[in-house]
Amino acid sequence: MFEIIDKRELCDKVYQFKIRAQHLAKKAKAGQFVILRKDEMGERVPMSIGGLDPASGVLTVVIQEVGKTSASMNRMKTGDHFADVVGPLGIPSHIEKFGHCVCIGGGVGIPPIRPIAQALKEIGNKVTTIIGSRTKDLLIFEQELREASHELLISTDDGSYGTHGFVTTILQKMIDDGGHIDMVIAIGPVPMMKAVVATTREPKIKTYVSLNPIMVDGTGMCGACRVTVGGKTRFACVDGPDFDGHEVDFDEMTKRMKMYVRYEKQAYDRFLQDEHCRLAKAAEAPKDKNA
Ligand SMILES: Cc1cc2nc3c(=O)[nH]c(=O)nc-3n(C[C@H](O)[C@H](O)[C@H](O)COP(=O)(O)OP(=O)(O)OC[C@H]3O[C@@H](n4cnc5c(N)ncnc54)[C@H](O)[C@@H]3O)c2cc1C
Ligand code: FES
């Protein structure tokens with residue numbers, strides 16, 4: 001069992017969990033992920049590592065509520081325990097002396113950028129990080145990324161904070177201004193990673209993306225996370241999650257990720273309905289006079 005030693009809300013439907021996982025926090029490297037299971041009957045869900053503290057054996061994950069399992073995890077509290085935290089899984093990110101690295105994160109893709117930016121900076125790269133969100137209220141990990149990078153640039157879709165536009169608005173301006181970039185790594189929603197790759201294709205900047213297809217076992221056995229990279233079939237859980245962005249077939253990946261949407265929505269709606277009934281019943285129950 002893996003204890004939640006701290007849980008806090010970062011923004012609407014997004015929570016940060018610090019989990020005691022001694023072996024994992026010592027072994028894991030930037031870019032890897034874990035598979036969490038809330039309880040014995042729970043679904044296994046992959047989550048990126050947003051922070052590692054080998055000294056205290058604590059691992060940070062950030063979970064956005066998008067369906068039944070992420071919702072039930074986000075109802076857990078400090079002191080509760082996850083049944084399983086399996087990992088570290090996947091191949092660590094490519095950390096080498098590139099020169100000037102631009103790390104780009106969007107949404108819940110921002111936290112896993114932190115250990116990557118830290119590792120790139122530690123070995124002597126210049127690290128510029130760009131993070132973006134729809135609006136200021138949804139921006140997470142600003143301070144963490146400021147500390148992990150030499151420079152932090154921010155965009156919001158509605159212009160409520162930082163540059164008005166997307167992370168690619170900032171990246172394109174850096175390129176147009178003649179800024180030298182040796183490597184880009186992007187983690188976030190598929191449309192964001194696809195747009196980053198489109199921006200760096202012509203100037204031929206090496207670009208890694210961290211893919212998040214549907215995963216089941218996370219060990220290369222089930223085939224659920226199949227993606228096409230450079231015309232070849234790869235499994236994101238064991239061959240990735242990082243791949244050369246210019247080689248990824250994003251359109252196929254987008255289609256595969258929509259395969260179960262109807263069932264996922266039904267399960268989420270049922271979860272919310274059950275929760276609503278439970279809360280309503282609890283509110284109606286006569287109060288214990290001795291309580
Ligand atoms: C390597 C990897 C790292 C990830 N890291 C994080 C993370 O750090 N934080 C986080 O909140 N989520 C992360 N995800 C996504 C997370 O695993 C899914 O959101 C979660 O499994 C959804 O489970 P659910 O039952 O709540 O929703 P479901 O009912 O399974 O899905 C609900 C909705 O979410 C979409 N969805 C399902 N799976 C994914 C997925 N893999 N990626 C994006 N959308 C998905 C579905 O299309 C659907 O619209 C990661 C996924 C992978 C593969
Ligand atoms: S999740 Fe089963 S092969 Fe990758």
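Counting convention: from 1, in listed order, for ligands and their atoms alike.
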Problem - Where ligand 2 meets Gly223 - atom numbers and elements under 4.0 angstrom, heavy-atom basis - result: 2 (Fe), 3 (S)
Problem - Heavy-atom donor-acceptor pair, His164 side chain to Ser155 backbone, under 3.5 Å - result: no
Practice task
State whether the shortest distance between N or O atoms of Pro46 and N or O atoms of ligand 1 falls below 3.5 angstrom.
Solution key: yes
Exercise for the section: Give a yes or no on this: more than 12 heavy atoms of other residues, nucleotides or ligands lie within 6.0 Å of atom CD of Glu202. Expected result: no
Fill in the blank from the handout: The answer for which part of Met221 has a heavy atom under 4.0 Å from ligand 2 is backbone
Problem - Lys/Arg N to Asp/Glu carboxylate O, Glu43 vs Lys68, below 4.0 Å - result: no
Practice task
Kindly confirm or rule out a cation-pi arrangement of Lys7 over Tyr15, judged by NZ or CZ under 6.0 Å from the six-membered ring centre and within 45° of its axis?
Solution key: yes
Exercise for the section: Please verify whether a non-hydrogen atom of Val62 lies at under 4.0 Å from ligand 1. Expected result: yes
Practice task
Heavy-atom distances under 4.0 Å are what count here, so tell me which part of Lys68 touches ligand 1: side chain, backbone, both or neither.
Solution key: backbone
Practice task
Indicate yes or no: at least one non-hydrogen side-chain atom of Glu247 is less than 4.5 angstrom from one of Arg234.
Solution key: no
Handout entry: Taking atom 2 (Fe) of ligand 2 as the reference point, the nearest protein heavy atom with its distance
Key = Asp217 OD1, 2.0 Å
Fill in the blank from the handout: Per-atom filter on ligand 2: closer than 4.0 angstrom to a heavy atom of Gly218 are 1 (S), 2 (Fe)
Completion exercise
Per-atom filter on ligand 1: closer than 4.0 angstrom to a heavy atom of Ile63 are 11 (O)
Exercise for the section: Apply the side chain to side chain contact (heavy atoms under 4.5 Å, CB included) test between Thr69 and each candidate in Asn74, Ile63, Val45; give the one that qualifies. Expected result: Val45
Handout entry: Side chain proximity check, Phe141 to Ile131, heavy atoms < 4.5 angstrom
Key = no
Exercise for the section: Report yes if some N/O of Val45 lies less than 3.5 Å from some N/O of ligand 1; otherwise report no. Expected result: no
Practice task
Give a yes or no on whether Met1 atom CE has more than 12 heavy-atom contacts from other residues, nucleotides or ligands under 6.0 Å away.
Solution key: yes
Exercise for the section: Identify whether Met47 and Ile19 are in the same connected component of the hydrophobic contact network (ILVMFWY, side-chain heavy atoms under 4.5 Å). Expected result: yes
Exercise for the section: Return the orientation label for the Phe82 and Phe17 ring planes: parallel under 30°, perpendicular over 60°, tilted otherwise. Expected result: perpendicular
Handout entry: Metal check, atom 4 (Fe) of ligand 2 vs Cys222 N/O/S, cut-off below 2.8 Å
Key = no
Practice task
Could you check atom 32 (C) of ligand 1 against the protein and tell me its nearest heavy-atom contact, residue, atom and distance included?
Solution key: Val66 O, 3.2 Å
Exercise for the section: Return yes when atom CZ of Arg37 has more than 12 non-hydrogen atoms of other residues, nucleotides or ligands closer than 6.0 Å, and no otherwise. Expected result: yes
Problem - For atom 26 (O) of ligand 1, the protein heavy atom that lies nearest, with its residue and separation - result: Ser70 OG, 2.5 Å
Problem - Heavy-atom nearest neighbour of atom 10 (C) of ligand 1 within options Glu65, Arg44, Met47, Arg262 - result: Met47
Problem - Apex atom 4 (Fe) of ligand 2 - arms SG from Cys237 and SG from Cys225 - angle rounded to 10° - result: 100°
Handout entry: Close approach of Ala267 to ligand 1, heavy atoms, under 4.0 angstrom
Key = no
Exercise for the section: Provide, to 0.1 Å, the distance between atom 8 (O) of ligand 1 and the closest protein heavy atom, together with that atom's residue and name. Expected result: Ser48 N, 3.1 Å
Problem - Check: Gln143/Glu147 side-chain N/O donor and acceptor closer than 3.5 Å - result: yes
Completion exercise
closest protein heavy atom to atom 53 (C) of ligand 1 is Pro213 O, 3.1 Å
Practice task
Write out the residue and atom name of the closest protein heavy atom to atom 38 (N) of ligand 1, then the distance separating them to 0.1 Å.
Solution key: Ile214 CG1, 4.0 Å
Practice task
Measure Glu43 to ligand 1 on non-hydrogen atoms and call it side chain, backbone, both or neither using the 4.0 Å cut-off.
Solution key: side chain
Handout entry: Min side-chain heavy-atom separation Tyr208-Ser93 under 4.5 Å
Key = no
Handout entry: Interatomic distance, Glu144 atom CD to Thr129 atom OG1 [nearest 0.5 angstrom]
Key = 12.0 Å
Problem - Shortest protein heavy-atom distance from atom 27 (O) of ligand 1, along with the residue and atom involved - result: Gly67 CA, 3.4 Å
Practice task
Please indicate whether any nitrogen or oxygen in Pro241 is less than 3.5 Å from any nitrogen or oxygen in ligand 1.
Solution key: no
Exercise for the section: Using a 4.0 Å heavy-atom threshold (strictly under), name the region of Val216 that reaches ligand 2: side chain, backbone, both or neither. Expected result: backbone
Problem - Leu89 side chain near Cys237 side chain, heavy-atom distance below 4.5 Å - result: no
Exercise for the section: I would like to know whether Phe250 and Met193 meet side-chain contact (heavy atoms from CB on, under 4.5 Å); could you show each step before the answer? Expected result: CA-CA 9 Å; Phe250 284 106; Met193 293 193 284; 4.1 Å; yes
Fill in the blank from the handout: Quick note on ligand 1: atoms under 4.0 Å from a heavy atom of Met215 include exactly 1 (C), 53 (C)
Practice task
Return a yes/no value: protein heavy atom under 4.0 Å from atom 35 (C) of ligand 1?
Solution key: no
Handout entry: Residue, atom name and distance, where the atom is the protein heavy atom closest to atom 48 (C) of ligand 1
Key = Glu264 OE1, 3.0 Å
Exercise for the section: Find all atoms of ligand 2 within a distance of less than 4.0 Å from any non-hydrogen atom belonging to Gly220, and give their numbers and elements. Expected result: 3 (S)
Practice task
Name the closest protein heavy atom to atom 42 (N) of ligand 1, giving the residue it belongs to and the distance to 0.1 Å.
Solution key: Asn212 O, 3.2 Å
Handout entry: Option whose closest heavy atom lies nearest to atom 47 (O) of ligand 1, chosen from Met257, Arg256, Gln266, Gln64
Key = Met257
Problem - Same apolar cluster: Val167 and Ile140, side chain cutoff 4.5 Å - result: no
Handout entry: Option with minimal heavy-atom separation from atom 24 (P) of ligand 1, where the choices are Thr69, Val61, Ile35
Key = Thr69
